[in-house]
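The block underneath contains the structure these notes are about, expressed in structure tokens.
Labels below follow one simple rule: chain letters A, B, ... track the order of the sequence lines, proteins then strands, and each chain is numbered from 1. Since we're looking at a predicted model, the values are computed, not measured.
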Number of protein chains: 2
Amino acid sequence: MDIRRQVGLNVQRIRRSRGWSQEELAFESGLHRTYISGIERGARNPTVTVLRALADALGVGPGRLLDDGPPETASP
Amino acid sequence: MDIRRQVGLNVQRIRRSRGWSQEELAFESGLHRTYISGIERGARNPTVTVLRALADALGVGPGRLLDDGPPETASP
DNA sequence: ATGTGACTTCAAGTCCGTG
DNA sequence: CCACGGACTTGAAGTCACA
């Protein structure tokens, strides 16, 4: 699994769980709307500072954006 | 805490725990010697694909390199 | 609301070296 | 073995018009 793709999926999933549009996430993170779009599609190769901005906006740890497993697959 | 600094500390700590020199890590990860040096000092802003290469070489999950807490400070 | 190609600017990443 | 600098090439950052 390409890690850029993984980051894109994670960002998109968490963003949607917040009920946000790409535009809203763009605003919250201080990044451009189309840049968010590119990241979610795995077309971009973001740096750690960008991951940080995204993670802060989404309210998760930066490492969460690189994780393989979805969110918490709650295995009780 | 600047995330670049955090990445640098994590990489350095894990690398040393493997008993590797920067050159060895450079070889294992396919990156350049001086670039590893720059990352460990927090002077560089690596991309997710680089994090992946480093994580693979070090045998940890990519998210580990962004974590705040050291490794496992085993608090029993 | 989002995907996409094109674009400019600046840093990612390589390679040479020095102390 | 590592920190650090300079010069270089490639690609990321950041933005736009349009579909």
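For the pairing with T47(B), the side-chain contact (heavy atoms from CB on, under 4.5 Å) check across N45(B), V50(B), L51(B) returns one residue only, V50(B). Screening L66(A), D68(A), V11(A) for a side-chain contact (heavy atoms from CB on, under 4.5 Å) with Q6(A), the sole residue that qualifies is D68(A).
Using a 4.0 Å heavy-atom distance criterion, R15(A) is classed as a sugar-phosphate-only contact. At the heavy-atom level, I36(A) lies nowhere under 4.0 Å from the strands shown. Residue contacts for E23(A): at a heavy-atom cut-off of 4.0 Å it reaches a base atom on one of the strands shown.
If you measure from atom CZ of R4(B) to atom P of dG13(C), you get 13 Å, rounded to the nearest angstrom. The CZ atom of F27(B) sits 15 Å away from the P atom of dT14(C) (whole-angstrom rounding). If you take CD of E40(A) and C1' of dA1(C), they are 12 Å apart, rounded to a whole angstrom.
Remark: R33(A) engages E23(A), A26(A) in a side chain to side chain contact (heavy atoms under 4.5 Å, CB included) (not counting sequence neighbours). For the side-chain hydrogen bond (donor to acceptor under 3.5 Å, both in side chains) test, no residue two or more places apart in sequence or in another chain qualifies with T34(A). Judged as a side-chain hydrogen bond (donor to acceptor under 3.5 Å, both in side chains), and not counting sequence neighbours, the contacts of Q12(A) are R16(A), E40(A). For R52(B), the side-chain hydrogen bond (donor to acceptor under 3.5 Å, both in side chains) test picks out no residue, with sequence neighbours left out. Residues passing the side-chain hydrogen bond (donor to acceptor under 3.5 Å, both in side chains) test with D56(A): none are found, sequence neighbours excluded. Every residue meeting the side chain to side chain contact (heavy atoms under 4.5 Å, CB included) condition with I14(A), not counting sequence neighbours, appears here in chain and number order: S17(A), R18(A), L58(A), V60(A), L65(A). For S37(A), the side chain to side chain contact (heavy atoms under 4.5 Å, CB included) criterion is met by Q22(A), R41(A), not counting sequence neighbours. In this view, R4(A) and D2(A) satisfy the salt bridge (Lys or Arg N to Asp or Glu O under 4.0 Å) rule, not counting sequence neighbours.
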Which protein N or O atoms sit under 3.5 Å from an N or O of nucleotides 4-6 of chain C?
residue : atom : partner : partner atom : Å
dT4(C)  : OP2  : R41(A)  : NE           : 3.4
dT4(C)  : OP2  : R41(A)  : NH1          : 2.3

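For DNA chain D, the outermost nucleotides in 5' to 3' order that have an atom under 4.0 Å from a heavy atom of chain A are dA12(D) to dA17(D).
For dA12(C), one of the phosphate oxygens OP1 or OP2 lies less than 4.0 angstrom from a side-chain nitrogen or oxygen of N45(B).
Each end of the helix from dT2(C)-dA19(D) to dG19(C)-dC2(D) yields a helix axis from five base pairs, and these two axes differ in direction by 40° (to the nearest 10 degrees).
With side-chain heavy atoms closer than 4.5 Å counting as contact, directly or through intermediates, the hydrophobic cluster containing M1(B) also holds L9(B).
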